[in-house]
Amino acid sequence: MALLPILQYPDPRLHKVAAPVQQVDERIRQLVRDMAQTMYEAPGVGLAATQVDVHERVVVIDISDEGNDLHVLINPEITWKSEDKQVYEEGCLSVPGVYDEVERAAKIHVRALNEQGEPFEFDAEGLLAVCVQHELDHLLGKVFVEYLSGLKQNRIRTRLRKQQREAERELDQV
């Protein structure tokens with residue numbers, strides 16, 4: 001397994017739309033293993049392949065406190081969303097240090113493939129529903145900060161670009 005570099009907002013590659021996985025094979029299973037290791041190490045509760053510059057419809061999620069309940073979603077799609085909404089404070093491994101409230105559907109129904117390429121479906125609510133919607137947004141090229149006001153988005157972009165410049169200067173001095 002390998003730790004994968006996570007793209008940082010506002011990297012334009014985060015806005016690429018992911019293509020469906022054509023075949024669930026060993027390459028995809030290795031990607032899932034690497035993504036899970038990267039997510040746990042970060043640490044985070046979800047990671048979409050888009051965030052590691054692989055533009056295929058693959059997501060890993062684990063909202064358990066123990067980190068022992070990995071959900072693997074290949075070619076996931078939300079087939080139903082409730083009218084009821086919920087607001088959660090979200091963060092993102094691609095937008096480090098930024099947290100803000102986002103309104104999403106309270107309950108969803110999801111269809112996907114597992115690591116063996118077998119179809120399955122499930123209902124989600126609460127934090128799992130939030131995570132699934134957040135990660136599927138990544139597959140569509142959307143980052144959670146795009147739900148925020150333009151002013152907040154500009155502040156976040158400015159702060160993250162400044163942090164990236166400072167990190168690059170530190171590397172140049174080494």
J.: Of E89, E135, E90, which meets side-chain contact (heavy atoms from CB on, under 4.5 Å) against V130?
T.: E90
J.: For the atom pair CD (Q22) and CD (E56), what is the distance rounded to the nearest 0.5 Å?
T.: 8.5 Å
J.: So, do V110 and I108 sit near enough that their side-chain heavy atoms are less than 4.5 Å apart?
T.: yes
J.: Does V72 share a hydrophobic cluster with L128, counting links as ILVMFWY side-chain heavy atoms below 4.5 Å and allowing steps through other members?
T.: no
J.: Should M35 and L4 be marked as a side chain to side chain contact (heavy atoms under 4.5 Å, CB included) after you check the CA-CA gap, both sets of side-chain angles, and the distance that decides it?
T.: CA-CA 7 Å; M35 286 175 59; L4 304 170; 4.0 Å; yes
J.: Taking the basic N atoms (NZ, or NE/NH1/NH2) and the acidic carboxylate oxygens, is any pair closer than 4.0 Å for D84 and K107?
T.: no
J.: Judged by modelled atom types alone, do Q30 and R27 share a side-chain donor-acceptor pair under 3.5 Å?
T.: no
J.: Are E101 and L148 close enough that some pair of their side-chain heavy atoms sits under 4.5 Å apart?
T.: no
J.: To the nearest 0.5 Å, what is the distance between CD on Q37 and CG on L3?
T.: 4.5 Å
J.: Please find the pair of heavy atoms, one from A105 and one from K81, that lie closest to each other, and give the distance.
T.: CB-CB, 3.9 Å
J.: Looking only at heavy atoms, which two atoms of S82 and A106 are closest? And how far apart?
T.: OG-N, 3.4 Å
J.: Is any side-chain N of the basic residue among E103 and K85 closer than 4.0 Å to the acidic one's carboxylate O?
T.: no
J.: Is there a salt bridge (charged side-chain N to carboxylate O under 4.0 Å, His left out) between E166 and R169? Walk through the geometry before answering.
T.: CA-CA 5 Å; E166 289 170 358; R169 271 192 229 114; 5.2 Å; no
J.: Could you grab the distance from atom CD of E170 to atom CD of Q173, nearest 0.5 Å is fine?
T.: 7.0 Å
J.: Are the side chains of D69 and H71 in touch, meaning some heavy atoms are under 4.5 Å apart?
T.: yes
J.: Would you mind reporting whether D100 and V145 have side-chain heavy atoms less than 4.5 Å apart?
T.: no
J.: In terms of hydrophobic clustering (I, L, V, M, F, W, Y; side-chain heavy atoms under 4.5 Å; direct or indirect links), are L7 and L47 co-clustered?
T.: no
J.: Can you tell me how far apart CD (Q8) and OG (S94) are? Round to the nearest 0.5 Å.
T.: 6.0 Å
J.: Hey, are E77 and R111 close enough for a salt bridge, meaning a charged N less than 4.0 Å from a carboxylate O?
T.: yes
J.: Examine distances only and state if a side-chain atom of T50 and a backbone atom of L14 form a donor-acceptor pair shorter than 3.5 Å.
T.: no
J.: Side-chain contact, heavy-atom cut-off 4.5 Å: V143 with V95?
T.: yes
J.: Is there side-chain contact between P10 and H15, with at least one heavy-atom pair below 4.5 Å?
T.: no
J.: CG/L160 to OH/Y9 distance, rounded to the nearest 0.5 angstrom?
T.: 8.5 Å
J.: Which pair of non-hydrogen atoms, one from L93 and one from A42, has the smallest distance, and what is that distance?
T.: CD2-CB, 3.5 Å
J.: Are any of the side-chain heavy atoms of L113 and V21 separated by less than 4.5 Å?
T.: no
J.: Stepwise, does the side chain to side chain contact (heavy atoms under 4.5 Å, CB included) test hold for F144 with R104?
T.: CA-CA 11 Å; F144 91 97; R104 297 187 185 272; 4.2 Å; yes
J.: Could you walk me through whether H109 and I78 pass the side chain to side chain contact (heavy atoms under 4.5 Å, CB included) check?
T.: CA-CA 6 Å; H109 186 80; I78 296 171; over 6 Å; no
J.: Step by step, work out the side chain to side chain donor-acceptor pair (under 3.5 Å) result for D137 and Q133.
T.: CA-CA 6 Å; D137 275 353; Q133 291 172 84; over 6 Å; no
J.: Check for me, please, whether L73 and V54 land in the same ILVMFWY cluster - side-chain distances under 4.5 Å, paths through other members count.
T.: no
J.: To the nearest 0.5 Å, tell me how far E41 CD sits from T38 OG1.
T.: 8.5 Å
J.: Stepwise, does the side chain to side chain donor-acceptor pair (under 3.5 Å) test hold for S64 with D62?
T.: CA-CA 6 Å; S64 70; D62 187 342; 2.6 Å; yes
J.: What are the two closest non-hydrogen atoms of H134 and G91, and how far apart are they?
T.: CE1-O, 3.3 Å
J.: With side chains defined as the heavy atoms from C-beta onward, is the minimum distance between Q153 and E146 less than 4.5 Å?
T.: yes
J.: Say whether Y88 and V132 are linked into one hydrophobic cluster, either directly or through other cluster members, by side-chain heavy-atom distances under 4.5 angstrom.
T.: yes
J.: Would K142 and Y147 count as a cation-pi pair here, with the cationic atom under 6.0 angstrom from the ring centre and within 45° of the axis?
T.: yes
J.: Go through the steps for I61 and V45 under the test side chain to side chain contact (heavy atoms under 4.5 Å, CB included), then give the verdict.
T.: CA-CA 6 Å; I61 294 173; V45 296; 5.6 Å; no
J.: Check the hydrophobic clustering (I, L, V, M, F, W, Y; side-chain heavy atoms under 4.5 Å; chains of links allowed) and say if L31 and V60 are grouped together.
T.: yes
J.: More than 12 non-hydrogen atoms from neighbouring residues, nucleotides or ligands closer than 6.0 Å to CZ on R155, yes or no?
T.: no
J.: Report the relative orientation of the aromatic rings in F122 and F120; use parallel for angles under 30°, tilted for 30 to 60°, perpendicular for over 60°.
T.: parallel
J.: Donor-acceptor check, side chain of D25 to backbone of I28, threshold 3.5 angstrom: yes or no?
T.: yes
